[in-house]
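The structure appears right after this line, and notes come after that.
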Amino acid sequence: LGIKEQLPPYLADNLQPNDLITGVAFASGGSGYDPLTSTLSTARSSAEQLELFHDYKKKLVPLRRHEYDLPSPSYMDFLVSSAINFTTTLSDMGAKKIGIVGAPPLGCCPSQITLGGSPSRECEPSRNQASLLFNSKISKEIDRLNAERNGYGLKFVYIDIYYNLLDLIQNPDFYGFKEVNEGCCGSTVLSAAIFIAYHNACPNAIDYIFWDGFHPTEKAYSIVVDKLIQQNRKYLV
């Protein structure tokens, strides 16, 4: 199973990203079910150990692969339903104008390119297909919301980030970028989580479209957001 013979403690200062995948230990010597037991030995209580395990699970960036396969329509339906439920709840609480940002070209994120294993570091097509499927479905749902709630002074707007970010990726020279498929602070899933603290930022961040495995840099965001505002101001103002 790839589990190490000796597991490093989860709170070790020198813990590496791969250690999360192959097992870590949460035990604290001298602990017990009674919280007072741990105070006598300056250990972490069993409840605190569970909190650490909960934190660990979040850092693994769990995907629902045991329930769905991307780009499964059923998974997209699940995501869209969750997003629309969130939006309608927000509307019921008094929001009048709501912009719903679609999914970016996920397959072009450095972490997803790494997972895809393309030797030439090309965008991973199935993940981009999943983004497009999600965007198509949620755009239709937003149209439905506008038709249903039009008489109540409400406005729902689909905001397309997919093609705006893809434009930067496909035309980097035009926007002054040099690095398209690598992250300034790393190009893996874990480099976008807690372990970004262990990466030194590149000295020339303005040359990069991506800051880490998922997120664009400040320069890239600035360009994309300016476009989104120009394209959607008339719908939301």
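Model, not experiment: these values are computed from the prediction.
A side-chain donor-acceptor contact under 3.5 Å links D212 to the backbone of H215. T114 contributes a side-chain N or O that, together with a main-chain N or O of P110, makes up a donor-acceptor pair within less than 3.5 Å. Using a distance-only test at 3.5 Å, with no hydrogens or angles considered, no donor-acceptor pair links the side chain of S81 to the main chain of F78. Without hydrogens or angle criteria, E179 side chain to C184 main chain gives no donor-acceptor distance under 3.5 Å. When atom types are taken as modelled, the side chain of R121 and the backbone of N181 share a donor-acceptor pair closer than 3.5 angstrom. No donor-acceptor distance shorter than 3.5 angstrom exists from the side chain of S187 to the backbone of G213, with no hydrogens or angles considered.
By the criterion of side-chain heavy atoms lying less than 4.5 angstrom apart, applied directly or through intervening Ile, Leu, Val, Met, Phe, Trp or Tyr residues, F53 is grouped together with L11 in one hydrophobic cluster. Hydrophobic clustering (side-chain heavy atoms under 4.5 Å, transitive across Ile, Leu, Val, Met, Phe, Trp, Tyr) groups I209 together with V224. Grouping the Ile, Leu, Val, Met, Phe, Trp and Tyr side chains by contacts below 4.5 angstrom, directly or via other members, places L165 with F174. Both L133 and V80 are assigned to one and the same hydrophobic cluster, defined by single-linkage of ILVMFWY side chains at heavy-atom distances under 4.5 Å. By the rule that hydrophobic residues join a cluster once side-chain heavy atoms approach within less than 4.5 Å of another member, Y221 and Y208 end up as members of separate clusters.
Sulfur-to-sulfur, C185 and C202 sit at least 2.5 Å apart at their SG atoms.
A salt bridge does not link E141 with K137: none of the charged nitrogens is closer than 4.0 Å to a carboxylate oxygen. Using a 4.0 Å cut-off between a side-chain N of Lys or Arg and a carboxylate O of Asp or Glu, K178 and D173 do not qualify as a salt bridge.
The CG atom of L154 lies 9.0 Å from the CG atom of D92; values are rounded to the nearest 0.5 Å. Taking CD of E124 as the reference point, atom CG of L106 lies at 10.5 Å (rounded to 0.5 Å). A distance of 4.5 Å separates CD1 of I100 from OG1 of T87, quoted to the nearest 0.5 Å. Atom-to-atom distance recorded for F156:CZ and R144:CZ is 9.5 Å, nearest 0.5 angstrom. The distance from atom OG of S126 to atom CD of Q112, rounded to the nearest 0.5 Å, is 9.0 Å. The line from CG of L52 to CD of E48 is 7.5 Å long, rounded to the nearest 0.5 Å.
Hydrophobic cluster of L166: the remaining members, joined at side-chain heavy-atom separations below 4.5 Å, are L132, Y162, Y163, listed by chain and number.
Proximity of P105 to I169: side-chain heavy atoms (C-beta onward) are separated by under 4.5 Å at one or more points. With contacts defined as side-chain heavy-atom distances shorter than 4.5 Å, the pair S28/Q49 qualifies. Within the 4.5 Å cutoff, side-chain heavy atoms of F177 are placed close to those of I223. Side chains of C109 and F210 form a contact here, defined as non-hydrogen atoms less than 4.5 Å apart. Residues Q170 and V180 have side chains not in contact (no heavy-atom distance under 4.5 Å, counting atoms from C-beta outward). Using a 4.5 Å heavy-atom cutoff, the side chains of V157 and I98 are not in contact. You'll find the side chain of L115 reaches within 4.5 Å of the side chain of R127, heavy atoms only.
The shortest heavy-atom contact between F134 and A103 is CD2-CB, 3.8 Å. Between W211 and A201, the closest heavy-atom pair is CH2-CB, 3.8 Å. Closest approach of N128 and C123 over heavy atoms only: ND2-CB, 3.9 Å.
For the side chain to side chain donor-acceptor pair (under 3.5 Å) with S91, the qualifying choice from K97, K155, R149 is R149, the only one to do so. Of the options L20, T22, V24, N14, a side chain to side chain contact (heavy atoms under 4.5 Å, CB included) to P8 is made by V24 and by none of the others. Residue Y158 forms a side chain to side chain contact (heavy atoms under 4.5 Å, CB included) with just one option from N146, D143, I138, and that option is I138.
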In sequence, state the C-alpha distance, the side-chain angles, and the governing distance for D19 and Y10, and then conclude on side chain to side chain donor-acceptor pair (under 3.5 Å). CA-CA 9 Å; D19 289 326; Y10 177 62; over 6 Å; no
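The side chain to side chain donor-acceptor pair (under 3.5 Å) pairs that include a residue from residues 224-234 are N164-Q231, D167-K227, Y175-K227, where partners are two or more places apart or lie in different chains.
Here the two rings, on Y56 and F26, have centers that are under 6.0 Å apart.
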